[in-house]
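Letters A, B, ... are given to chains in the order of the sequence lines, protein chains preceding strands, and every chain is numbered from 1.
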Protein chains: 2
Amino acid sequence: MTNEQLKLENQLCFRLYSAARLTMGAYHPYLDPLGITYPQYLVLLVLWEQDKQPVCDIGKRLMLDTNTMTPLLQRMEKAGLITRTRGKEDTRQRIVSLTKQGKALYEQAQTIPESMTKAVMASEEELKQILQMIPLLDKLIEELKKLVESQKSKEINKY
Amino acid sequence: MTNEQLKLENQLCFRLYSAARLTMGAYHPYLDPLGITYPQYLVLLVLWEQDKQPVCDIGKRLMLDTNTMTPLLQRMEKAGLITRTRGKEDTRQRIVSLTKQGKALYEQAQTIPESMTKAVMASEEELKQILQMIPLLDKLIEELKKLVESQKSKEINKY
DNA sequence: TAATTTTGCATCGTGAACGATATAAATCCC
DNA sequence: GGGATTTATATCGTTCACGATGCAAAATTA
């Protein structure tokens with residue numbers, strides 16, 4: 001009678017959704033002192049790897065469109081973490097650069113990944129198990145990217 | 001010199017965050033025709049399993065607080081999917097019940113899980129791999145719940 | 001039973017996500 | 001070269017998430 005697949009317990013997506021929210025919540029004690037949010041932390045991770053990138057490049061790394069990136073970056077600019085200057089060759093672009101303050105946060109962030117790992121994992125064994133997820137998640141993300149892309153082109157082809 | 005752990009590629013959380021967003025995006029073609037969003041779909045999953053639940057019980061299942069649930073349910077009520085009545089024994093409670101329309105969506109949702117599975121998975125083999133994530137995610141979620149809970153009590157004990 | 005604490009819900013404000021739409025600059029193509 | 005298309009960014013509106021706060025009802029405890 002009842003469709004087993006339509007139960008919350010059997011949904012992979014609900015687990016991803018919950019795990020993502022809980023993880024972001026777990027970052028709070030580490031990010032609050034730096035005065036940044038988790039998405040802002042992600043932007044900083046990208047900029048710490050390579051400074052002075054146009055908005056679209058950061059967006060591609062984070063898989064976020066400009067309608068999310070622009071307001072996010074505007075808030076970060078207002079907070080004094082970055083500057084947004086016009087591109088030289090391509091004047092449409094906005095080059096995002098770290099300020100002194102944005103660079104300084106890199107030092108303070110050094111211990112975050114290790115602290116998070118230690119906080120979540122009860123044991124070495126458990127850590128090993130959890131890390132098994134990474135290649136599986138990468139596979140899933142790859143498939144989902146293809147799927148969402150194909151869904152979009154289908155949508156367009158309606159007309 | 002550079003901290004490898006502070007690179008986007010080495011972040012489990014970023015993968016969870018991305019996978020969750022992409023999955024929700026992949027649901028769009030299936031949920032748009034029903035006129036509901038993904039979080040609303042989750043609420044319906046809970047109510048289809050058991051109708052007439054107080055807000056807090058639904059929130060516990062979805063791990064969402066009332067500050068998220070109340071507006072979400074208000075929108076669903078306005079859309080004619082549910083009703084929110086006062087509890088009889090406990091008058092503080094709001095009992096959430098499916099309307100005829102809300103129940104009717106159950107039939108339309110029957111094929112969603114299978115469609116999603118087929119859409120994402122290239123092969124049986126791949127599906128099997130991805131499903132290996134479920135127990136790992138459950139483990140992680142359990143750990144994160146404990147962690148976030150302990151972080152909260154620490155916060156309180158400051159005073 | 002009175003005082004205290006907890007619980008269930010609501011409201012407000014802020015920061016994301018994201019669809020839809022707009023605009024100007026760059027690129028393509030005939 | 002000039003018109004069409006694509007690209008980079010921005011803005012708007014709606015829905016979520018969630019911290020903070022408020023309030024009344026229920027439960028606990030003194």
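- T66(B) comes within 4.0 angstrom of a base, heavy atoms only.
- Note that CE of M63(B) is 4.5 Å distant from NZ of K145(B), once rounded to the nearest 0.5 Å.
- Checked for salt-bridge contact, K118(B) and E114(B) meet the test: a charged N lies under 4.0 Å from a carboxylate O.
- Here Y17(B) does not reach the OP1 or OP2 of dA16(C): none of its side-chain N or O atoms lies under 4.0 Å away.
- Listed pair T91(B) / dA26(D) meets the phosphate criterion, a side-chain N or O lying under 4.0 Å from OP1 or OP2.
- Atom CD of E49(A) has more than 12 heavy atoms from other residues, nucleotides or ligands within 6.0 Å.
- One finds no side-chain N or O of R21(B) lying less than 4.0 angstrom from the OP1 or OP2 phosphate oxygen of dA16(C).
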- Decide side-chain contact (heavy atoms from CB on, under 4.5 Å) for I112(B) and L31(B); before the verdict, give the C-alpha distance in whole Å, the side-chain angles of both, and the deciding distance to 0.1 Å. CA-CA 9 Å; I112(B) 293 180; L31(B) 299 184; 4.0 Å; yes
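- Considering only side-chain N and O atoms, R94(B) lies under 4.0 angstrom from the phosphate OP1 or OP2 of dA10(C).
- By the 4.0 Å N-to-carboxylate-O rule, E142(B) lies too far from K139(B) to be salt-bridged with it.
- Nucleotide dA8(D) holds its P atom 13 Å from the CD atom of E89(A), rounded to whole Å.
- Taking atom CD of residue Q93(B) and atom C1' of nucleotide dA24(D), one finds them 14 Å apart after rounding to whole Å.
- Counting only distance, with no hydrogens or angles, the side chain of R21(A) and the backbone of Y17(B) share no donor-acceptor pair below 3.5 Å.
- Rounded to a whole Å, the CG atom of L73(A) is 15 Å from the C1' atom of dT11(D).
- For N67(B) and dG19(D), a side-chain-to-base donor-acceptor distance below 3.5 Å is present, hydrogens and geometry of angles not being considered.
- For the pair L64(A) and K88(A), both in contact range of DNA chain C, the more 5′-proximal nearest nucleotide belongs to L64(A).
- The phosphate of dT15(D) (OP1 or OP2) has no side-chain N or O of Y38(B) nearer than 4.0 angstrom.
- Minimum heavy-atom separation, A26(B) to V148(A): N-CG2, 4.0 Å.
- No contact: R86(A) has no heavy atom under 4.0 Å from any strand.
- Going from atom CD1 of I36(B) over to atom P of dC16(D) covers 10 Å, rounded to whole Å.
- Nearest to the side-chain atoms of R92(B) among the listed nucleotides dA24(D), dG15(C), dA10(D) stands dA24(D).
- Atom pair K60(A):NZ and dT9(D):C1' shows a separation of 13 Å (rounding to whole Å applied).
- Using a 30° and 60° split on the angle between ring planes, Y41(B) and W48(B) fall in the perpendicular class, above 60°.
- Each of L44(B), V43(B), T37(B) was scored for a side-chain contact (heavy atoms from CB on, under 4.5 Å) with Q40(B), with one residue passing: T37(B).
- If you measure from atom CG of L22(B) to atom C1' of dA17(C), you get 12 Å, rounded to the nearest angstrom.
- Comparing P71(A) and L72(B) by the nucleotide of DNA chain D whose heavy atom lies nearest to each, the residue mapping closer to the 5' end is P71(A).
- Contact between the side-chain N/O atoms of R75(A) and the OP1/OP2 oxygens of dT14(C) is not found at any separation under 4.0 Å.
- Put simply, T68(A) has no side-chain N or O that comes within less than 4.0 Å of OP1 or OP2 on dA17(C).
- Nucleotide dC16(D) holds its P atom 10 Å from the CE atom of M69(B), rounded to whole Å.
- When the C1' atom of dG19(D) is taken as reference, atom CG of D32(A) falls 10 Å away, rounded to whole Å.
- The terminal axes of the helix from dT1(C)-dA30(D) to dC30(C)-dG1(D), fitted over 5 pairs per end, subtend an angle of 30° to the nearest 10°.
- With dA25(D), dC9(C), dT11(D) as the choices, the nucleotide that has an atom nearest any side-chain atom of D90(B) turns out to be dA25(D).
- Distance from the side chain of Q40(B) is smallest for dC16(D) among the nucleotides dA17(D), dC16(D), dG8(C).
- Counting any heavy atom pair closer than 4.0 Å across all strands shown, T37(A) reaches sugar-phosphate atoms only and no base atom.
- Of the candidates dA10(D), dT11(C), dT15(D), dT11(C) carries the atom nearest the Q74(B) side chain, counting heavy atoms from C-beta on.
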